[in-house]
J.: 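First the structure, then my questions, so here it is.
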Amino acid sequence: MDRRTIIAVVLCLLFLVFYQPLLRMAGLGKYVEPPRRPTPVAVDTTGADSLARAQSAAETTRATGGPAADAPAVIAPLPIAAAAGALEKTSSIETPLYRATFTNRGARLLSVELKHYISAHGVSSVNGKPRRVKPGQAVPPGDRVVLAGGPLFGVDLGSGAGLRPLEGLVYAVAESADATGQVAALTFTARDSSRLAVRQTWRVRPGTYALDLEVQIEGVPVAWRLNDYSLTVRSWPPFTETDRQTDERQVRATTLVGTNLHRDPAGNLLKGPRAYDGNAVWASVQSRYFIGAVAVDQAVGRGTVSHGEQRPLPNEMLKALGPNEKPVTNVAVSSLVVSLPGAEHPVQRFLLYFGPSDFPQLSRLGHELGRSVDLGWNWIRPISELLLHLLVWVHTVVRNYGLAILALATLVKVLLYPLNAASLRSMRAMQKLQPEIERVRAKHKNDSQAINAATMALYKENKVNPAGGCLPILLQMPILMGLYQVLLTAIELRQAPFAGWIDDLSAPDTLFHVSGFPIHLMPVLMAGSGFLQQKLTPMNPQQAPMQYMMNAFMLVLFYNLPSGLVMYWTVMNLLSAWQQWRVLRQDEPAAVVVPAAGGSKKRKK
């Protein structure tokens, strides 16, 4: 396999990895998306026959045994009345990690304020640059990340087209305190004249961002024809990161049904809902670095339903918009649909999580919540997880994630040195044979079988494996792809400074703007390191233009990616260039053995 074939294989692999993001960046994302389900059409429910239509839709849900997403969205009012003169009030649960705020109207979770995560658009930030807080210290109010989905979470009867919201129902609230006097549990209770009773009990899990939720539903009238209910999470405006455009593109609904993981971007959900029937494990909404999820502890999950919404931005967020940005945001809404409890076991239990997309924390909670962190394809995930743990361990030693990336890149390069050296020597040997291969092709230009036979004989006599340059590259691709995914998604790099102008490894390293266009230095340095590597790589001069085009392609591809990822790629290029110089310097010139007629051998310098 010659140098040209190796380049073609690498280009094909890069195309397979990056073609969908490039199409989306070019506005052609619709060509890579599967067909959409039709969007539910809202039906007027103010008429006298609205309840009958709602019951008919609920019958459809019962008959299919799963959440209905294709039928018209009929929302009928429940025969539950709020107590006359009942006032809405808020309650909160506060721990050293977060502050969760609830309302008694609908027993909704309104917001979760994370005490150890800084918003890039807080009251103390300047042009999207957050204030700095020493590690381990709480962030001052006003600068914290606040997840507020309007509401963030709620429980409603029914599902899909048969959904019956409980948002207008006013609950009675009871607080339970722990030994220190802090609220450790909240209980919301509502009863109706039809004997319907709904109770939600929220309990703190100390030391985590998780909450335990118990739901008790009794006395649902048979006439309502309901056999399930929905636990719904909503995403929040993507105003927590310096790179807001990347954060907004990452807003999505992620669900686990059976063993199948589904990721649906909010922009795609605006075109139509997505319903997945089966043994639902959890449903979630995510931004780039934060997640809100609800998982089944003791209940029967029947499926998930996700859809998208567009909502106007709050006034305090409008000032951060650019001149051409719309004052609306895409919202992902994801519902976990579970069966109504039976009379013998009316209490069902769930786990709620609103916090960072931290792989170790999520994995410790069980329910396969660690899979919500996008660490690549299933066959790459074990490698990505190992590299993530290694990156965190190196950081505990060097105390700087920029230095940890440099150390990890160097370690990976050292481990891959034998493969890279073998690949370089093979390419060097192929380069030396190239003149003889050209003579063979010229001599037997009309006889392909003779060309192949003579070429293979040339390889055999010179002990050159034509695949020797390609196989080492293919063997190390999973490691490089896993490390790429780790550096792209790891929350550990969020707002992590390195040195000089690089003050956030999770965002591009913007030096300044020219007519609104950001100037990033690291991608330019990366392109220069790639050019140096190419100059030291054995290649046919006729292939040089293709290499330069590849370098320009990488510059465009990496220009708006996080500086930590670009720095990693730059270091890998420099180490590869040094390795190539070292291997080629040690490479002793050897004579080329040319098979001659009659079985004799002839050597050429």
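All residue numbers refer to positions in the sequence shown, counting from 1. Everything quoted here is computed from the prediction, not taken from an experiment. Heavy atoms only: backbone and side chains are in, while hydrogens, waters and symmetry mates are out.
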J.: Check the pair Leu403, His395 against side-chain contact (heavy atoms from CB on, under 4.5 Å), reporting the backbone distance first and the verdict last.
T.: CA-CA 8 Å; Leu403 294 177; His395 174 261; over 6 Å; no

J.: Val233 and Ala283: which non-hydrogen atoms are nearest, and at how many Å?
T.: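 Looks like CG2-O, 4.3 Å.
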
J.: For Leu313 and Met317, work out which heavy atoms get closest and say how close.
T.: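 For Leu313 versus Met317, the nearest heavy atoms are CD2-SD, 4.3 Å.
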
J.: Should Leu362 and Val373 count as side-chain neighbours, where that means a heavy-atom distance under 4.5 Å?
T.: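 SC-SC contact between Leu362 and Val373 confirmed.
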
J.: Quick one: do Ser384 and Gln485 satisfy side-chain hydrogen bond (donor to acceptor under 3.5 Å, both in side chains)? Show the steps, please.
T.: CA-CA 7 Å; Ser384 302; Gln485 199 67 32; over 6 Å; no

J.: Apply side-chain contact (heavy atoms from CB on, under 4.5 Å) to residues Asp247 and Asp243 and explain how you reach the verdict.
T.: CA-CA 6 Å; Asp247 195 32; Asp243 187 4; over 6 Å; no

J.: Starting at CG of Leu493, measure out to OH of Tyr401 and round the result to the nearest 0.5 Å.
T.: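 Answer rounded to 0.5 Å: 7.0 Å.
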
J.: Can you find a pair of side-chain heavy atoms, one from Thr510 and one from Ile519, that are under 4.5 Å apart?
T.: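 Not in contact.
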
J.: Do Leu256 and Glu368 touch side chain to side chain, with heavy atoms closer than 4.5 Å?
T.: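 SC-SC contact between Leu256 and Glu368 confirmed.
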
J.: Is any side-chain heavy atom of Asn573 closer than 4.5 Å to one of Tyr568?
T.: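 No, side chains not in contact.
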
J.: Will you find, in the side chains of Ser563 and Asp509, an N or O donor that is under 3.5 Å from an N or O acceptor?
T.: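 No - no donor-acceptor pair under 3.5 Å links their side chains.
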
J.: Going by distance alone, is a donor N or O of one side chain under 3.5 Å from an acceptor N or O of the other, for His121 and Thr240?
T.: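 Checked: His121/Thr240 side chains show no N/O donor-acceptor pair below 3.5 Å.
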
J.: Any chance you could measure Arg263, atom CZ, to Asp374, atom CG, to the nearest 0.5 Å?
T.: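 Between Arg263 CZ and Asp374 CG, I get 4.0 Å after rounding to 0.5 Å.
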
J.: Decide yes or no on side-chain hydrogen bond (donor to acceptor under 3.5 Å, both in side chains) for Gln250 and Arg252, but give the supporting numbers first.
T.: CA-CA 6 Å; Gln250 294 288 332; Arg252 61 189 181 270; 3.1 Å; yes

J.: Nearest heavy-atom pair of Asn330 and Val251: which atoms, and what distance?
T.: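 In terms of heavy atoms, the two residues are closest at O-CG1, 4.1 Å.
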
J.: Main chain of Pro360, side chain of Ser363: is a donor-acceptor contact present, judged purely on distance under 3.5 Å?
T.: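 Judged by distance alone, no pair lies under 3.5 Å.
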
J.: In terms of the angle between their ring planes, are Tyr559 and Phe517 parallel, tilted or perpendicular, with boundaries placed at 30° and 60°?
T.: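 Judged by the thresholds at 30° and 60°, the geometry between Tyr559 and Phe517 is parallel.
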
J.: Once rounded to the nearest 0.5 Å, what's the spacing between atom CG of Leu561 and atom OG of Ser506?
T.: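 One gets 12.0 Å once the value is rounded to the nearest 0.5 Å.
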
J.: Should Glu241 and Arg494 count as an ion pair when the cut-off is N to O under 4.0 Å?
T.: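 Answer for the salt bridge query: yes.
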
J.: Classify the side-chain pair Asp143/Ser124 by whether it contains a donor and acceptor separated by less than 3.5 Å.
T.: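 Yes, because at least one side-chain N or O of Asp143 sits under 3.5 Å from a partner of the opposite role on Ser124.
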
J.: Can you tell me how the ring of Phe290 sits relative to the ring of Tyr117, calling it parallel under 30°, perpendicular over 60° and tilted otherwise?
T.: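 Plane angle over 60°, so perpendicular.
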
J.: Less than 4.5 Å apart, any side-chain heavy atom of Val285 and any of Val333?
T.: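 No - every pair of side-chain heavy atoms lies 4.5 Å or more apart.
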
J.: With a 4.5 Å cut-off on side-chain heavy atoms, are Val331 and Gln310 touching?
T.: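 Side-chain contact under 4.5 Å: no.
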
J.: Look at the rings of His262 and Tyr276 and say which category their plane angle falls in: under 30° parallel, 30 to 60° tilted, over 60° perpendicular.
T.: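 Parallel, since the angle between the ring planes stays under 30°.
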
J.: Is there a side-chain contact between Trp282 and Ser372, using heavy atoms and a 4.5 Å cut-off?
T.: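 Side chain of Trp282 against side chain of Ser372, heavy atoms only: contact under 4.5 Å found.
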
J.: Less than 4.5 Å apart, any side-chain heavy atom of Ser284 and any of Thr255?
T.: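 They are not in contact (no side-chain heavy atoms under 4.5 Å apart), so the answer is no.
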
J.: Rounded to the nearest 0.5 Å, what separates atom CH2 in Trp501 from atom NE2 in His520?
T.: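 Taking CH2 in Trp501 and NE2 in His520, the distance rounds to 13.0 Å.
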
J.: Identify the heavy atoms of Met572 and Ala409 that sit nearest to each other, and give their distance.
T.: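 Smallest heavy-atom distance, with atoms named: SD-O, 3.6 Å.
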
J.: Do Arg244 and Glu248 meet the salt-bridge criterion of a basic N to acidic O distance under 4.0 Å?
T.: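 No, no charged N to carboxylate O under 4.0 Å.
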
J.: Which heavy-atom pair separates Leu505 from Gly402 by the least distance, and what is that distance?
T.: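 The answer is CD1-N, 3.4 Å.
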
J.: Could you check Leu391, Val398, Val397 and say which one makes a side chain to side chain contact (heavy atoms under 4.5 Å, CB included) with Val394?
T.: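 It is Val398; the other options fail the test.
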
J.: For Ser287 and Trp236, run side-chain contact (heavy atoms from CB on, under 4.5 Å): C-alpha distance rounded to whole Å, both residues' side-chain angles, the deciding distance at 0.1 Å, then the answer.
T.: CA-CA 8 Å; Ser287 60; Trp236 43 91; 3.5 Å; yes

J.: If you compare all heavy atoms of Arg288 against all heavy atoms of Thr246, which two are closest, and at what distance to 0.1 Å?
T.: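 It is NH1-CG2, 3.9 Å.
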
J.: How many angstroms lie between atom CG of Leu269 and atom OG of Ser306, to the nearest 0.5 angstrom?
T.: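 Taking CG in Leu269 and OG in Ser306, the distance rounds to 6.0 Å.
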
J.: Does the pair His307 and Arg274 meet the rule for a side-chain contact (heavy atoms from CB on, under 4.5 Å), with working shown?
T.: CA-CA 6 Å; His307 70 274; Arg274 289 293 187 89; over 6 Å; no

J.: Rounded to the nearest 0.5 Å, what separates atom CD1 in Ile383 from atom CG in Leu387?
T.: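 Ile383 atom CD1 to Leu387 atom CG measures 7.5 Å (nearest 0.5 Å).
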
